[in-house]
Amino acid sequence: MPDPEESSPDEKLYRIRHSLAHVMAQAVLEMREGSTLGFGPPIDDGFYYDFILSEPLTESDFPELEQRMRRILKKGQRFYQEEVPVEEAFARLEEMGEPYKREYAQELVERDTLQSLSFYRNGPFLDMCEGPHVDTTREIARDAFKLRSVAGAYWRGDSDNVMMTRIYAWAFADKETLDETVAAFELAQERDHKRLGRELDLFTFDDDVGRGLPLWMPNGTVIRDELEKLAVELEFKAGYQRVATPHIAKSGLYAQTGHLDHYRESMYPPMEVVEETPDGASLRESYMLKPMNCPHHHKIYAARLRSYRDLPLRLAEYGQVYRWEASGAVSGLARVRMLSMNDAHIYCTENQIRDVFAEVISEYDEAYRILGLKDYTIRLSRWDPDDPKGREKYVDAPEDWERTEAIIADLLDAMDIDYEDGQGEAAFYGPKLDVMFRTVTGRVEQLSTVQLDFAVPPRIGLSYVGDDGAEHVPYCIHRAPLSTHERFVALLIEHFGGAFPTWLAPVQVRVITVSENYGDYARGLVERMRANFVRAELASENDTVSKKIRDATTRKIPNLLIVGEREVAAGTVTLRRHGIREQLTLPFEEFEAGLAKTIANRSLEFTTP
RNA sequence: GCUCACAUAGCUCAGUCGGUAGAGCACGUCCUUGGUAAGGACGAGGUCAUCGGUUCGAAUCCGAUUGUGAGCACCA
């Protein structure tokens, strides 16, 4: 999908979208008299407006709503701005029966010490609004917008507030751009990982197992295993040591680490076990599924005395963790309740933080380079000292927050890395750097992360002996450069559209015979490739060549070898690469060498020898 | 968790007014041995998500539950 056509307030497109939002609100009020308004801003590819509706509105009402909007546009309503003194504006909003606008007006006036508030009027519709707008609705193309969806949205984005009905729409300057955007969106649906996961037999879910608990099928497991192999190699080179830890721990551990204070909502409830002791008493214990690997890794750190000479100490694990994700959040592999993480914890001194962060960032770069991922942004996720729920969300240590956030921000500046500010996005134990990706369907997701933890090591009593012979508390850096297998594979499925590079492909080579007469030759090739750990297979011999090509193409298998009379006679194969029409006939040995190189280099394209 | 929508064969979907279920693909058997995106014939497949209600009768109407999707909130 192309980048959405963004607009800023000084551009015409912004004014068109903003004005269309008013036109839609006008039409909604016609259809649902007595509804009240929330916000209705322009967005990347259109606009939305929030309402408290007097009667529900669904997508089946869209045709009527669109028609009413077109009718309004045709009328050529002019937009008039009025600056209204504060008291009069308050009275007007109350009279209009707009309690949410009234609430916001109050806040605006207090925050910006305003003397007046801006209103816009077009036709019978009046809205408190900063603008800008078009001069007249005639400036808006009647065929360049399309209502998109209706969904719930909390007033002011706060789940403690009422839920409004949000209507989203696409809107552009002309019909062509709208049509292109809608077509691109529909095309993107075909790359949706949930759909491709089913079509390519990568993973499945089963109600009897549970919501958000993925079952990786053989094809999907190949991709997991290959990614894991990549991570293990990268980590070995970077000096990580691998560890393995249980999926559960006693609840007390999470009380110590602070997870029960700050992360309980995301944890499965405890398992209570009762054991009879020899003296007849009963021993009660409570265990919890781990929501993160760090507490276990901290205990490995704590298992022996550590010296500053041991630091940075890098402990890595491919661990499975369990999180009680809100039911409405669970979605395919992008949001699951069992997460497989290429996780590691790096224990270091304060002076080492910068170097460790820099080292981890270069590990990300390497992984993204290999996979050809480029469309991402960096976010510095900080705490929010003014968050009313801050006590639940973050450890209370303002000085630590400020100091550690500054360390990371300085490093990013020194490395000349652009980043966006993520106030209120920190982990409970410290600031983090998140890598944000946009999915094919336009959603922005948090993928890889590096997190600085100043809070848990002291709580759990971690220490090292410094060069001064005294005890010090280490920092812990949490990092997961490949995100979780689940979310990362979801991204890769969509990124590659299911057509994986050879090294990742569940089936790397499929051999297609022109007829059964060449089966022996074909089986010999498959056997030889499999002996070299190539995932090769023979196509069904019962179908026509056309059918076999079609099947392999639908399965998006990267390399097809066609063998018939000519190939058998010459000891060659005809290579047909996925998505490439030109074929190449070459000696099998030559293909084999090229294949080996392609796989070893994790090339995105086939490397000819 | 919240708002709205949806749930029929492994997949994609028909199913009229309430009268006991249908297609294509996939799958199985057989025929066909075919040089580049669907060769042919036959067959098997469903407690219409689950539970309850209305009705002489429910895939169809109503309710609840579970699950899925789009968003919101939360987040890797």
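What you see is a predicted model, and the numbers here were worked out from it, not measured in a lab. Letters A, B, ... are given to chains in the order of the sequence lines, protein chains preceding strands, and every chain is numbered from 1.
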TODO: Please determine if Asp44(A) and Arg17(A) form a salt bridge, counting it only when a charged side-chain N lies under 4.0 Å from a carboxylate O.
DONE: no
- [ ] Output every pair passing ring pair (Phe, Tyr, Trp, His ring centres under 6.0 Å) with a member in residues 554-579 of chain A, not counting sequence neighbours, ordered by first then second residue.
- [x] none
Every protein N/O lying under 3.5 Å from an N/O of nucleotides 64-66 of chain B:
none

- [ ] Send over the distance from Glu445(A) CD to rA76(B) P, rounded to a whole Å.
- [x] 12 Å
Listing time: all N or O pairs from protein to nucleotides 7-13 of chain B that are below 3.5 Å?
residue : atom : partner   : partner atom : Å
rU12(B) : OP1  : Arg198(A) : NH1          : 2.9

Below 3.5 Å, can you tabulate the donor-acceptor pairs from side chains in residues 447-454 of chain A to any protein atom, sequence neighbours excluded?
residue   : atom : partner   : partner atom : Å
Ser448(A) : OG   : Tyr368(A) : OH           : 2.4
Ser448(A) : OG   : Pro481(A) : O            : 2.5
Thr449(A) : OG1  : Asp434(A) : OD1          : 2.8
Thr449(A) : OG1  : Gln451(A) : NE2          : 3.2
Gln451(A) : OE1  : Tyr429(A) : OH           : 2.4
Asp453(A) : OD1  : Ala455(A) : N            : 2.9
Asp453(A) : OD1  : Val456(A) : N            : 2.9
Asp453(A) : OD2  : His478(A) : NE2          : 2.9

TODO: Name all residues meeting the side chain to side chain donor-acceptor pair (under 3.5 Å) criterion together with Thr574(A); count only those two or more places apart in sequence or in a different chain, and write none if there are none.
DONE: Glu567(A), Thr585(A)
Task: Phosphate-side-chain proximity, Gln446(A) and rC75(B), N/O vs OP1/OP2 below 4.0 Å - done: no
- [ ] Using a heavy-atom cut-off of under 4.0 Å over every strand shown, decide if Thr58(A) touches base, sugar-phosphate, or nothing.
- [x] sugar-phosphate
Open item on the list: Between C1' on rA76(B) and CZ on Arg479(A), what's the gap in Å once rounded to a whole number?
Closed with: 13 Å
Open item on the list: Categorize Val336(A) for me: base, sugar-phosphate, or nothing, with a 4.0 angstrom heavy-atom threshold over every strand shown.
Closed with: base
Task: Distance between P atoms of rA21(B) and rC48(B) (Å, rounded) - done: 10 Å
Open item on the list: Just the rounded figure in Å: distance from C1' of rC74(B) to CG of Asp387(A).
Closed with: 12 Å
Open item on the list: What's Gly332(A) touching, base or sugar-phosphate or nothing? Going by heavy atoms closer than 4.0 Å.
Closed with: sugar-phosphate
Task: Intra- and interstrand pairs of RNA chain B - dot-bracket, Watson-Crick/G-U under 3.5 Å, | marks other strand - done: (((((((..((((.....[..)))).(((((.......))))).....(((((..]....))))))))))))....
- [ ] Determine if the base of rG45(B) is syn or anti; take syn to mean the glycosidic torsion is within 90° of 0.
- [x] syn
Open item on the list: Between Ser483(A) and Glu567(A), which residue's closest nucleotide on RNA chain B lies nearer the 5′ terminus?
Closed with: Glu567(A)
Open item on the list: With a 3.5 Å cut-off and heavy atoms only, can you find an N or O donor on one side and an acceptor on the other between the side chain of Glu541(A) and the base of rG34(B)?
Closed with: no
TODO: Answer yes or no: is there an ion pair linking Arg166(A) with Asp50(A), defined by an N-O contact shorter than 4.0 Å?
DONE: yes
Task: C1' gap between rG46(B) and rG22(B), integer Å - done: 11 Å
- [ ] For rC27(B) and rC11(B), measure between their P atoms and round to the nearest Å.
- [x] 15 Å
- [ ] Please state how far atom NZ in Lys548(A) lies from atom P in rA37(B), giving the value in whole angstrom units.
- [x] 14 Å
- [ ] May I ask you to say what Leu339(A) touches in the nucleic acid, namely base, sugar-phosphate or nothing, with a heavy-atom cut-off under 4.0 Å?
- [x] base
Open item on the list: Rounded to whole Å, how long is the line connecting atom CD of Glu565(A) with atom P of rG34(B)?
Closed with: 10 Å
Open item on the list: With the threshold set at under 4.0 Å for non-hydrogen atoms, list the residues of residues 257-269 of chain A touching RNA chain B in residue-number order.
Closed with: none
Open item on the list: Quick check for you: to the nearest 0.5 Å, what is the distance between Phe145(A) atom CZ and Leu20(A) atom CG?
Closed with: 6.0 Å
Distance-only criterion, 3.5 Å: show the donor-acceptor pairs between side-chain atoms of residues 205-219 of chain A and protein atoms not counting sequence neighbours.
residue   : atom : partner   : partner atom : Å
Asp206(A) : OD1  : Asp208(A) : N            : 2.7
Arg211(A) : NH1  : Ser327(A) : OG           : 3.4
Asn219(A) : ND2  : Leu200(A) : O            : 3.0

Taking N or O atoms only and anything under 3.5 Å, show me the protein contacts with nucleotides 70-73 of chain B, one pair per line.
residue : atom : partner   : partner atom : Å
rG71(B) : OP2  : Arg443(A) : NH1          : 3.1
rG71(B) : O3'  : Tyr168(A) : OH           : 3.2
rG71(B) : N2   : Gly152(A) : O            : 3.4
rG71(B) : N3   : Gly152(A) : O            : 3.4
rC72(B) : O4'  : Gly152(A) : O            : 3.0
rC72(B) : O2'  : Tyr154(A) : N            : 2.9
rA73(B) : O2'  : Ser159(A) : OG           : 3.3

- [ ] Can you figure out which of rC75(B), rC4(B), rU36(B) approaches the side chain of Arg487(A) most closely?
- [x] rC75(B)
Task: Met164(A) CE - rU3(B) C1' separation (whole Å) - done: 12 Å
Are any protein N/O atoms closer than 3.5 Å to N/O atoms in nucleotides 38-47 of chain B? If there are, list each pair with its distance.
residue : atom : partner   : partner atom : Å
rA38(B) : N6   : Arg550(A) : NH2          : 2.7
rA38(B) : N1   : Arg550(A) : NH2          : 3.0
rG39(B) : OP2  : Thr544(A) : OG1          : 2.9

TODO: Verify whether one side chain among Thr58(A) and Ser60(A) offers a donor that lies under 3.5 Å from an acceptor in the other.
DONE: yes
- [ ] Would you check if the distance from the ring center of Tyr322(A) to the ring center of His247(A) is below 6.0 Å?
- [x] yes
Open item on the list: Glu359(A): which residues meet the side chain to side chain contact (heavy atoms under 4.5 Å, CB included) condition with it, sequence neighbours left out?
Closed with: Tyr240(A), Arg314(A), Ile346(A), Glu363(A)
Open item on the list: Need one value for Arg581(A): base, sugar-phosphate or nothing, where a base atom within 4.0 Å counts as base even if backbone is also close, heavy atoms only.
Closed with: sugar-phosphate
- [ ] For residues 552-565 of chain A, pull every pair meeting salt bridge (charged side-chain N to carboxylate O under 4.0 Å, His left out), keeping only residues two or more places apart or in separate chains.
- [x] Asp201(A)-Arg555(A)
Task: Euclidean distance for P, rA9(B) against rG15(B) (whole angstrom) - done: 15 Å
Task: Same-atom distance (P) from rA14(B) to rA73(B), integer angstrom - done: 33 Å
Task: C1' spacing across the pair rA37(B) / rC25(B), given as an integer number of angstrom - done: 15 Å
TODO: Write down the distance between CZ (Phe428(A)) and P (rC74(B)), rounded to a whole number of angstrom.
DONE: 18 Å
Task: Geometric class of the Trp401(A)/Trp383(A) ring pair [parallel <30°, tilted 30-60°, perpendicular >60°] - done: parallel
- [ ] Evaluate the ring planes of His297(A) and His345(A), with Trp represented by its six-membered ring, and classify them as parallel (under 30°), tilted (30 to 60°) or perpendicular (over 60°).
- [x] perpendicular
Task: ring-ring contact (aromatic ring centres under 6.0 Å, His included) partner of Phe39(A), chosen from Tyr100(A), Phe47(A), Tyr48(A), Trp155(A) - done: Trp155(A)
Task: Pairwise 5' ranking along RNA chain B for Thr513(A) and Glu325(A), keeping only the more 5' one - done: Thr513(A)
Task: C1'-based separation of rA58(B) from rU20(B) [nearest Å] - done: 10 Å
Task: Atom-to-atom span, CG of Asn559(A) to C1' of rU36(B) - whole angstrom - done: 16 Å
